[in-house]
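Comments concern the structure below.
Because the structure is predicted, anything quoted here is derived from the model rather than measured. Below, chain A is the first sequence line, B the second, and so on; all start at residue 1.
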Amino acid sequence: MAQISLTFPDGNAREFDAGITPAEVAASISKSLSKKAISATINGQHWDLQWPIDADADIAIHTMQDAPQALELIRHDLAHIMARAVQELWPDVKVTIGPVIDNGWYYDFDRKEPFTPEDLGAIEKKMKDIINARDEVRTEVWSRADAIAHYEKTGENYKVELVNAIPDDGQPIRMYWHGDWQDLCRGPHLQHTGQVPGDAFKLMSVAGAYWRGDSNREMLQRIYGVAFQNRNDLKAYLLMLEEAAKRDHRKLGREMDLFHMQEEAPGQVFWHPNGWTVYTTLQDYMRRAQRAGGYVEVNTPQVVDRKLWEASGHWEKYQENMFIVEVDEEHAREKAVNALKPMNCPCHVQIFNQGLKSYRDLPLRMAEFGSCNRYEPSGALHGIMRVRGFTQDDAHIFCSEDQIEDETKRFIDFLSGIYKDLGFEGFKVKFSDRPETRAGSDEVWDKSESALKAATQAAGCEFELNPGEGAFYGPKLEFVLTDAIGRDWQCGTLQVDFVLPERLDATYVGADGSKHRPVMLHRAVLGSFERFIGILIEEHAGKLPFWLAPRQVVVASITGEANDYVTEVVDILRKAGIRAEADIRNEKINYKVREHSVGKVPVILAVGHREVEERTVTVRRLGENKTSVTSLTEITDELAKAAKAPDLL
RNA sequence: GCUGCUGUAGCUCAGAGGUAGAGCACUCCCUUGGUAAGGGAGAGGUCGAGAGUUCAAUUCUCUCCAGCAGCACCA
């Protein structure tokens, strides 16, 4: 038998017979390791203890202490254990797929009756039985024909489809047994079900999910579970979810009296005075930033004839998602069909097209706080994060091809500065390339993608690839922020577009005196004010930075005899540019402090007899229990400075 | 849009085939209180909308609307 050399993490190498399994290697080291082992890493690849090793390799044997591998296996085995539990409880349920995801796993089932919360309890109990039974996990390599024959016989038509979809590139088709229940799986898995910590998982919810993610296909039932290495980690995770729920922008929006939404205008925001203060403060900041960044600001119509949307290509692709406005004009022979603008770019091209543009005008950075309306599918609506009426901090940079790189770098820099000012140090960047349905030739896409990618890399910006997710007219860079419970939201974006200038016939006169096609860079920093404010609220748990806080200071009287002084203090603060309010209600100071703390007011100034006499205030800051006495002039200076936007400091 | 769940006072929620309740908020009165809810009284609801079953529906059934979770979508 041939010999192979396995190198351990400590650098020592040992000889073994070729085809040895990590389980046997572990057994050769010690009995306890043999029992504790869960999997191995062979040349960087996560490896089942049962899989043979055929050549020299680096080897590491994992136990439950090794977090990434342990979590992967626990969650993956639980997916199988759950599927087995479901089929034991309801033998006619068909199984499909069950991958590991962040914090847990899910498994999709085909079953006529919906799973109820009681069902989840029964499944969880059955899973614990399976874990307690410590059933052996065993694997075999099957031929494609055998796998298909098996699943055809058992009526598991989804599995047949999965086997057929496995590419014929020599990778083995594996079957895994958990006890006497079997599932198609590429592995790896644990040694036996008893290695799964039985007290560190929980079934969370059931929801519909399309088979293979295709909305034209069957709707399956997906059960989500979470799992960790031990009970404490699970408890910590559940506690984190509770804390996150308290930061939900929908809840805080109500508590802080920022906005509301109602049935008559689904997906549209009624901004209350407090919320509108945040909005306009942010908008003022963005306007200054854009001016400083070399943008010109414009404004374009809300209701635009369908002809323009047909020309731009949006009508064909997005008609279903537009608000259509029909006007039966008395003197018109036909009905005029307009659409509320779902985006600003075609209108910006109209402005660009007025008059002759020279290469000397480029790059032309045209910005608009553009109010847009999109008929988003009802199921997509989410608080103020995904709405039907919103305002983008939109801009289009008209430039030549050789300006793409500079403009991209310039934009990434611009966006980073703004995110930093707004307290977002960490954000994800995704690069989305050509989607299946798209406008423009492959040559144009090649050009756009490579230009954008090169510019992004040149800017030193790291990104992950998001294949097939680009806009229909061009590739895009997405700047992604995360909400309180870990959901990603695209906020900023940069999109390269060779298509729209063509369709809407935008030209400029080049240095050579002839006409050229400009490139358009669609870009937004916040994305929409609505979404960004939602993220801002969740990021700060409602405790917005002082300059953005809608109510910055409440001056509260301790006794009615201080009311005149309260009014005077509020007046002084307001003159210093601070958003201050008086609270001279007939309530105790405890009551006032509680109410304004709950309302996330950053600073409460309490005044009673002492303060009136000394012309001071007692300062209480949000999140601190201690108070301090300060002179009125001192606190006014301090707060006036804090009230300034970061770019004005 | 799809699957499932939900919709009762401004908010959070209880309730039941016989016509609606609590706490907080609100209004008024008492209290002038020193840093996270002082006391009392009062007012407040077409029980999401429409249809059906029933002597009787807010409760049961159906349709619609909206919200929530997930999926799909996201120019």
Side-chain angles (χ1 to χ4, degrees), chain A residues 106 108 113-117 204-224 248 250-251 254-255 257 260-267 309 312-322 341-346 372 374-383 385-388 392 394 435 438-439 469-474 476 478 485 487 489-490 493 495 497 499-500 522 527-528 531 556-563 586-599 604-611 618-620 622 624-627 629:
Chain A
Y106 67 75
D108 288 348
E113 307 74 35
F115 288 109
T116 64
M204 302 296 283
S205 60
V206 191
Y210 296 109
W211 169 233
R212 314 218 97 187
D214 183 344
S215 58
N216 296 313
R217 305 202 60 179
E218 299 89 333
M219 171 72 57
L220 306 169
Q221 294 189 64
R222 175 172 296 178
I223 302 179
Y224 285 90
D248 190 311
R250 293 165 295 190
K251 182 177 152 69
R254 199 166 36 237
E255 287 172 1
D257 196 14
H260 86 272
M261 306 176 86
Q262 64 186 52
E263 257 189 55
E264 290 79 358
W309 308 116
S312 70
H314 292 97
W315 186 266
E316 191 190 355
K317 187 157 173 25
Y318 289 110
Q319 189 186 346
E320 300 282 291
N321 299 305
M322 290 193 205
K341 76 172 166 186
M343 67 276 273
N344 310 297
C345 25
C372 298
R374 296 178 184 174
Y375 189 79
E376 300 284 7
S378 57
L381 302 178
H382 179 86
M385 305 277 224
R386 185 82 183 270
V387 286
R388 289 182 176 155
Q392 297 175 318
D394 199 11
R438 57 181 181 264
E469 298 294 320
F472 78 94
Y473 50 70
K476 67 179 179 182
E478 294 175 39
I485 60 168
R487 286 183 286 212
W489 296 92
Q490 178 196 311
T493 184
Q495 306 168 9
D497 185 0
V499 175
L500 203 60
H522 306 243
S528 85
R531 172 173 300 177
S557 56
I558 294 167
T559 142
E561 286 162 44
N563 286 354
N586 177 14
E587 295 290 353
K588 288 192 163 186
I589 192 64
N590 289 309
Y591 183 92
K592 296 182 183 181
V593 165
R594 179 186 149 77
E595 185 171 286
H596 300 123
S597 298
V598 169
I604 298 170
L605 301 180
V607 300
H609 290 121
R610 286 205 297 274
E611 290 80 0
T618 298
V619 186
R620 186 191 164 107
L622 187 59
E624 294 176 17
N625 291 323
K626 59 180 197 302
T627 59
V629 180

Practice item. Looking at every strand, decide which applies to A:Arg254 at a 4.0 Å heavy-atom threshold: base, sugar-phosphate, or nothing. Key: sugar-phosphate

Point to revise | Check: B:rG4 base within 3.5 Å donor-acceptor of A:Thr116 side chain | key: no

Review point. Heavy atoms under 4.0 Å, any strand shown: does A:Gly383 hit a base, just sugar-phosphate, or nothing?
Key: sugar-phosphate

Study note, to complete from the structure: Applying the 3.5 Å cut-off to both distances, the Watson-Crick or G-U partner of B:rG34 turns out to be none

Review point. So which nucleotide from B:rC2, B:rC73, B:rA75 ends up closest to the side chain of A:Tyr210?
Key: B:rC2

**Study point:** A:Gln221 side-chain N/O to A:Glu113 backbone N/O, donor-acceptor pair under 3.5 Å
**Key:** yes

Practice item. Under 4.0 Å between any heavy atoms, over every strand shown, what does A:Pro266 touch: base, sugar-phosphate, or nothing? Just pick one. Key: sugar-phosphate

Review point. Does B:rA9 have a Watson-Crick or wobble partner in any strand here, with both distances under 3.5 angstrom, and which is it?
Key: none

Practice item. Measure from CZ on A:Arg212 to P on B:rA72 and round the result to the nearest Å. Key: 13 Å

**Study point:** Gap in Å between the two P atoms, one belonging to B:rG1 and one to B:rU53, rounded
**Key:** 29 Å

Point to revise | B:rU54 versus B:rG67 - spacing of their C1' atoms, nearest Å | key: 31 Å

Practice item. Using both distances under 3.5 Å as the test, list the Watson-Crick or G-U wobble partner of B:rG70, or none. Key: B:rC2

Exercise for review: Identify whether any heavy atom of A:Gly313 sits under 4.0 Å from a base atom; if not, whether one sits that close to sugar-phosphate; answer base, sugar-phosphate or nothing.
Suggested key: nothing

Exercise for review: Look at all strands and tell whether A:Arg620 reaches a base, only sugar-phosphate, or nothing, counting heavy atoms closer than 4.0 Å.
Suggested key: base

Practice item. Answer yes or no: does a side-chain N or O of A:Lys476 lie under 4.0 Å from OP1 or OP2 of B:rA75? Key: yes

Review point. Which whole number of Å gives the distance between the C1' atom of B:rC47 and that of B:rA66?
Key: 16 Å

Point to revise | Phosphate contact (B:rG4 OP1 or OP2) by A:Tyr224 side-chain N/O below 4.0 Å | key: no

Exercise for review: Would you indicate, yes or no, if B:rA69 has its OP1 or OP2 atom less than 4.0 angstrom from a side-chain nitrogen or oxygen of A:Arg487?
Suggested key: yes

Revision key, fill the gap. Testing B:rC71, B:rA75, B:rG1 for proximity to the side chain of A:His314, the answer is B:rA75

Exercise for review: Pick the C1' atom in B:rA69 and in B:rG40, then give their distance to the nearest Å.
Suggested key: 44 Å

Practice item. Would you classify A:Ala471 as touching base, sugar-phosphate or nothing, given that sugar-phosphate means primed atoms plus P, OP1 and OP2, and contacts are heavy atoms under 4.0 Å? Key: sugar-phosphate

**Study point:** Complementary nucleotide of B:rU19, counting Watson-Crick and G-U pairs under 3.5 Å
**Key:** none

Point to revise | Contact under 4.0 Å: A:Ser205 side-chain N or O vs B:rG70 OP1/OP2 | key: no

**Study point:** Atom-to-atom span, CD of A:Glu478 to C1' of B:rA75 - whole angstrom
**Key:** 12 Å

Practice item. Could you measure between the two C1' atoms, the one in B:rC65 and the one in B:rA51, and give it in whole Å? Key: 15 Å

Point to revise | Spacing of A:Ile604 atom CD1 relative to B:rA36 atom C1', expressed in whole Å | key: 9 Å

**Study point:** A:Gln319 atom CD: more than 12 heavy-atom contacts under 6.0 Å
**Key:** yes

Review point. Considering heavy-atom distances to RNA chain B, does A:Met343 or A:Ile589 have its closest nucleotide positioned more toward the 5' end?
Key: A:Ile589

Point to revise | Interatomic distance, A:Gln495 atom CD to A:Leu500 atom CG [nearest 0.5 angstrom] | key: 11.0 Å

**Study point:** Gap separating the CZ atom of A:Arg531 from the CZ atom of A:Arg386, nearest 0.5 angstrom
**Key:** 6.5 Å

Revision key, fill the gap. When rounded to whole Å, the CD to P distance for the pair A:Glu264 and B:rG7 reads 19 Å

Review point. Checking A:Arg620 side chain against A:Ile604 main chain: does a donor-acceptor pair fall under 3.5 Å?
Key: no

Point to revise | Distance-only donor-acceptor test, A:Arg386 side-chain atoms vs B:rC73 base atoms, 3.5 Å | key: yes

Point to revise | Aromatic-base stack, A:Tyr318 on B:rA75, cutoff 5.5 Å, angle under 30 | key: yes

**Study point:** Most 5' of A:Lys588 and A:Leu622 on RNA chain B, judged by nearest nucleotide
**Key:** A:Lys588

**Study point:** Spacing of the C1' atoms in B:rU58 and B:rG52 (rounded, Å)
**Key:** 16 Å

**Study point:** Base-pairing mate for B:rA75 - Watson-Crick or G-U, with both contacts under 3.5 Å
**Key:** none

Check your understanding: Is atom CD of A:Glu624 surrounded by more than 12 heavy atoms (other residues, nucleotides or ligands) closer than 6.0 Å?
Key -> yes

Check your understanding: Contact class for A:His609 vs. all strands (heavy atom < 4.0 Å): base, sugar-phosphate, or nothing?
Key -> base

Practice item. Tell me what A:Tyr106 touches on the nucleic acid: a base, only sugar-phosphate, or nothing, going by heavy atoms under 4.0 Å. Key: nothing

Check your understanding: Quick one: CG on A:Leu381 to CZ on A:Arg388, what's the gap to the nearest 0.5 Å?
Key -> 4.5 Å

Check your understanding: Taking atom C1' of B:rA69 as reference, at what distance in whole Å does atom CZ of A:Arg250 sit?
Key -> 10 Å

Review point. Between B:rA66, B:rA75, B:rU35, which one does the side chain of A:Glu263 approach most closely?
Key: B:rA66

Check your understanding: When the distance from CG of A:Asn590 to C1' of B:rG39 is rounded to whole Å, what number comes out?
Key -> 15 Å

Check your understanding: Should the ring pair A:His314 and A:Trp309 be called parallel, tilted or perpendicular, given that the plane angle runs from 0 to 90° and is split at 30 and 60?
Key -> perpendicular

Practice item. Verify the contact: side-chain N or O of A:Arg222 to OP1 or OP2 of B:rG4, cut-off strictly under 4.0 Å; return yes or no. Key: no

Check your understanding: Reckon A:Glu611 touches a base, only the sugar-phosphate, or nothing at all at heavy-atom distances under 4.0 Å?
Key -> base

Practice item. Please work out if A:Lys251 contacts a base, only the sugar-phosphate, or nothing of the nucleic acid, heavy-atom cut-off 4.0 Å. Key: nothing

**Study point:** A:Val619 and A:Leu605: CA distance, side-chain angles, deciding distance, side-chain contact (heavy atoms from CB on, under 4.5 Å) verdict
**Key:** CA-CA 5 Å; A:Val619 186; A:Leu605 301 180; 3.8 Å; yes

Check your understanding: From the list B:rG4, B:rU35, B:rA69, which nucleotide is the closest neighbour of the side chain of A:Thr618?
Key -> B:rU35

Exercise for review: Give A:Ser215 one of three labels, base, sugar-phosphate or nothing, depending on what nucleic acid heavy atoms sit under 4.0 Å from its own.
Suggested key: sugar-phosphate

**Study point:** Base partner of B:rG45, which must satisfy Watson-Crick or wobble distances under 3.5 Å
**Key:** none

**Study point:** Ion pair check, A:Arg250 and A:Asp248, cut-off under 4.0 Å
**Key:** yes

Practice item. Take atom CD of A:Glu587 and atom P of B:rC30, then tell me their distance rounded to the nearest Å. Key: 14 Å

Point to revise | B:rU61: pairing nucleotide in any strand, Watson-Crick or G-U under 3.5 angstrom | key: B:rA51

Review point. Contact class for A:Gln221 vs. all strands (heavy atom < 4.0 Å): base, sugar-phosphate, or nothing?
Key: nothing

Point to revise | A:Glu376 CD - B:rA66 C1' separation (whole Å) | key: 17 Å

Exercise for review: Considering only atom C1', compute the distance from B:rA20 to B:rA57 and round it to an integer number of Å.
Suggested key: 14 Å

Check your understanding: Can you tell me how far P in B:rA14 sits from the matching atom in B:rA22, rounded to whole Å?
Key -> 16 Å

Review point. With sugar-phosphate meaning primed atoms plus P, OP1 and OP2, does A:Asn321 contact a base, only sugar-phosphate, or nothing at under 4.0 Å between heavy atoms?
Key: base

